[in-house]
Amino acid sequence: MISFLLNKFVKNAKDTKNPAVRSAVGRFCGWIGICNNVFLFTIKFIIGMLVRSVSIQADAINNLTDAGSNIISIVSFHLSNKPADKDHPYGHQRTEFIASLFVGLIIVFLGIEMAKESFIKIIHPQEIDFRWVTILILLISILVKLWMYSYNQSLSKKYESSLLHATALDSISDVMGTSAVLVSTVLSPVLHFNLDGYMGVIVSIIILYNAYGLLKDVINTLIGTAPDENFVKEIVDDILSDSKILGVHDFILHDYGPDKQFASAHVEVNSDEDIFEIHDHVDNIERAIKEKYNVSLVLHMDPVKVNDPETDYYRKVLKNALEECNENWHFHDFRIVSGPTHTNLVFDLVIPFEDKRTKQEIEEEILAHMHVDKIIYLVITIDHPFA
């Protein structure tokens, strides 16, 4: 049903990579959510008043809060679609992540409030006025929320939207909360024991756990996480496929939201070749990466000596020494400064973040594994892998 509505009301709905389409889909889902949540609030609040059930009334208030979250998502999708400007040259797509964070905090708040209310009910249980219309209303609520979870989760994957994913988690949390109310409403009169509070505690723990996972993902995205290894490898392989590129290092990928990525990398090129010809190749690589991956790439050229016997000799010596020291160490930007009494080896050394050794300790270990007759000095710049 939701696909039919999207195709009817959202132009080019199948163009999942179009920012304008993503924004329109998000706003459309927001309006559908408002209608559903206001409907559920109305029927549940009325029945809660009639049967004197605090939990059903609280569940109704939760639906009203969800309608407020839907309004936030509509505004967020509108703002995220704004074009780049002077103050925000990378666009406004990260607005969606901020809204996802806010929705996650709302889920945390509701989980805590449900836990507090549940403990109160355990200490001071109340008799529930059982009516079949209550069961019907709760079942309708569960079915509606399951539908909302289904289409929000599906569309979140299709359009790569963290905010739709957050809305989906909010819906499934509501399903669990309402299910707890339903179970306690049915079983409590049969068992002559009010289960409302106990079920509420269990559900609140599940809700808080889901909120933790959502907030963790969103916060990591805002802080900046390492890019997908396979995605990076594909881009690097494409760069290396050009005959003029000898090596790639210092690849950095910046993510400013869906379909808004910027990257930079250093490429090693033969210092003896024509600089204008190499620059032409670099321009073509940048354009090809933009067309294929929609990533704005900037390449920095590092000239290296090729077929120089002394440079090749010390490069091999250093490579063997690093393999003996640590297989996770890698080097680049290698060059030598040779003199009559000693030789300086100048290079960048990439080590894992978890390696806490000092620069002096690293230099001493490398020198201990280098077996040469001449005096060697290391001029090292310590790097960490960005990708």
Side-chain angles (χ1 to χ4, degrees), residues 10-13 15-31 33-34 67-109 152 155-167 169-170 211 214-228 231-232 235 250-266 282-283 285-300 383-384 386-387:
V10 178
K11 187 178 180 181
N12 301 323
D15 188 1
T16 60
K17 298 299 182 181
N18 189 323
V21 173
R22 290 182 74 263
S23 176
V25 169
R27 296 196 304 272
F28 177 81
C29 291
W31 284 112
I34 289 174
S69 298
N70 294 140
I71 294 174
I72 293 171
S73 69
I74 291 172
V75 174
S76 170
F77 277 114
H78 174 73
L79 292 176
S80 66
N81 192 44
K82 289 178 60 179
D85 54 37
K86 180 181 177 181
D87 295 326
H88 308 93
Y90 301 106
H92 299 78
Q93 281 86 340
R94 282 186 176 176
T95 306
E96 186 176 331
F97 299 143
I98 297 172
S100 301
L101 178 65
F102 190 77
V103 172
L105 292 174
I106 290 176
I107 297 174
V108 170
F109 173 77
N152 277 298
L155 294 175
S156 73
K157 294 178 180 179
K158 186 175 181 179
Y159 293 92
E160 299 180 1
S161 171
S162 64
L163 185 49
L164 289 178
H165 176 62
T167 305
L169 285 183
D170 188 27
L214 171 64
L215 290 173
K216 180 181 178 183
D217 290 342
V218 174
I219 291 172
N220 283 339
T221 301
L222 288 172
I223 293 174
T225 56
D228 180 76
F231 183 59
V232 173
I235 296 178
D250 284 348
F251 183 92
I252 302 175
L253 184 68
H254 302 280
D255 192 338
Y256 286 90
D259 301 316
K260 200 72 172 180
Q261 293 178 309
F262 298 83
S264 63
H266 289 219
V282 167
D283 280 346
I285 293 171
E286 291 173 343
R287 291 192 186 95
I289 296 299
K290 177 64 176 179
E291 291 176 2
K292 185 174 181 180
Y293 301 101
N294 195 27
V295 173
S296 300
L297 175 66
V298 176
L299 295 178
H300 171 79
D383 272 351
H384 295 292
F386 288 100

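Side-chain atoms are counted along with the backbone in the values below, which use heavy atoms only and exclude waters and symmetry mates.
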Criterion side chain to side chain contact (heavy atoms under 4.5 Å, CB included) on Glu286 and Leu299, from CA distance to verdict:
CA-CA 7 Å; Glu286 291 173 343; Leu299 295 178; 3.8 Å; yes
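- With sequence neighbours excluded, no residue satisfies side chain to side chain donor-acceptor pair (under 3.5 Å) with Ser80.
- The neighbour count for His266 NE2, taken as heavy atoms of other residues, nucleotides or ligands under 6.0 Å away, is above 12.
- Residues forming a ring-ring contact (aromatic ring centres under 6.0 Å, His included) with His88 (at least two apart in sequence, or on another chain): His92.
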Give the C-alpha distance, both sets of side-chain angles, the deciding distance and a yes or no for side chain to side chain contact (heavy atoms under 4.5 Å, CB included) between Leu155 and Ser161.
CA-CA 8 Å; Leu155 294 175; Ser161 171; over 6 Å; no
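- Under the rule for a side chain to side chain contact (heavy atoms under 4.5 Å, CB included), the partners of Ser296 that lie at least two apart in sequence or sit in another chain are Phe262, Lys290.
- Side-chain atoms of Asp170 and Ile106, non-hydrogen and from C-beta on, never get closer than 4.5 Å to each other.
- Pairing each heavy atom of Val218 with each of Ser100, the nearest pair is CG2-CB, 3.8 Å.
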Which atom pairs, donor and acceptor, lie under 3.5 Å between side-chain atoms of residues 69-76 and protein residues at least two apart or in another chain?
residue : atom : partner : partner atom : Å
Ser69   : OG   : Thr65   : O            : 3.4
Asn70   : OD1  : Ile34   : N            : 3.3
Asn70   : OD1  : Asn37   : ND2          : 2.8
Ser73   : OG   : Asn70   : O            : 2.6
Ser76   : OG   : Thr95   : O            : 3.4

His300 and Ser264: side chain to side chain contact (heavy atoms under 4.5 Å, CB included), yes or no, with the steps?
CA-CA 8 Å; His300 171 79; Ser264 63; over 6 Å; no
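- Separation of atoms CD1 (Ile98) and CG (Leu79) is listed at 9.5 Å; rounding is to 0.5 Å.
- With sequence neighbours excluded, no residue forms a side chain to side chain donor-acceptor pair (under 3.5 Å) with Thr221.
- By the side chain to side chain contact (heavy atoms under 4.5 Å, CB included) test, Ala24 is found to be paired with Val10, Arg27, residues two or more places apart in sequence or in another chain being considered.
- Side chain of Arg287 to main chain of Val282: no donor-acceptor pair is present (N/O by atom type, distance under 3.5 Å, no hydrogens or angles).
- In this structure, His254 NE2 and Tyr90 OH are separated by 8.0 Å, a value rounded to the nearest 0.5 Å.
- Rounding to the nearest 0.5 Å gives a distance of 9.0 Å between CG of Asn152 and CG of Leu163.
- Taking OG from Ser23 and OH from Tyr159, the interatomic distance works out to 12.0 Å, rounded to the nearest 0.5 Å.
- In this structure, Thr225 OG1 and Asp217 CG are separated by 9.5 Å, a value rounded to the nearest 0.5 Å.
- Residues Tyr256 and Gln261 are not in side-chain contact: their nearest non-hydrogen atoms beyond the backbone lie 4.5 Å or more apart.
- Residues that satisfy the ring-ring contact (aromatic ring centres under 6.0 Å, His included) test with Phe231, not counting sequence neighbours, are Tyr293.
- Contact check for Thr167 versus His165: no side-chain heavy atoms found under the 4.5 Å cut-off.
- Residues Phe77 and Leu164 are in side-chain contact: their nearest non-hydrogen atoms beyond the backbone lie under 4.5 Å apart.
- Lys216 meets the salt bridge (charged side-chain N to carboxylate O under 4.0 Å, His left out) test with no other residue; sequence neighbours excluded.
- A search for side chain to side chain contact (heavy atoms under 4.5 Å, CB included) contacts involving Ala288 returns nothing, not counting sequence neighbours.
- Distance check, rounded to the nearest 0.5 Å: CG of Asp228 to CD1 of Ile235 gives 10.0 Å.
- For His384, there are no side chain to side chain donor-acceptor pair (under 3.5 Å) partners at least two apart in sequence or on another chain.
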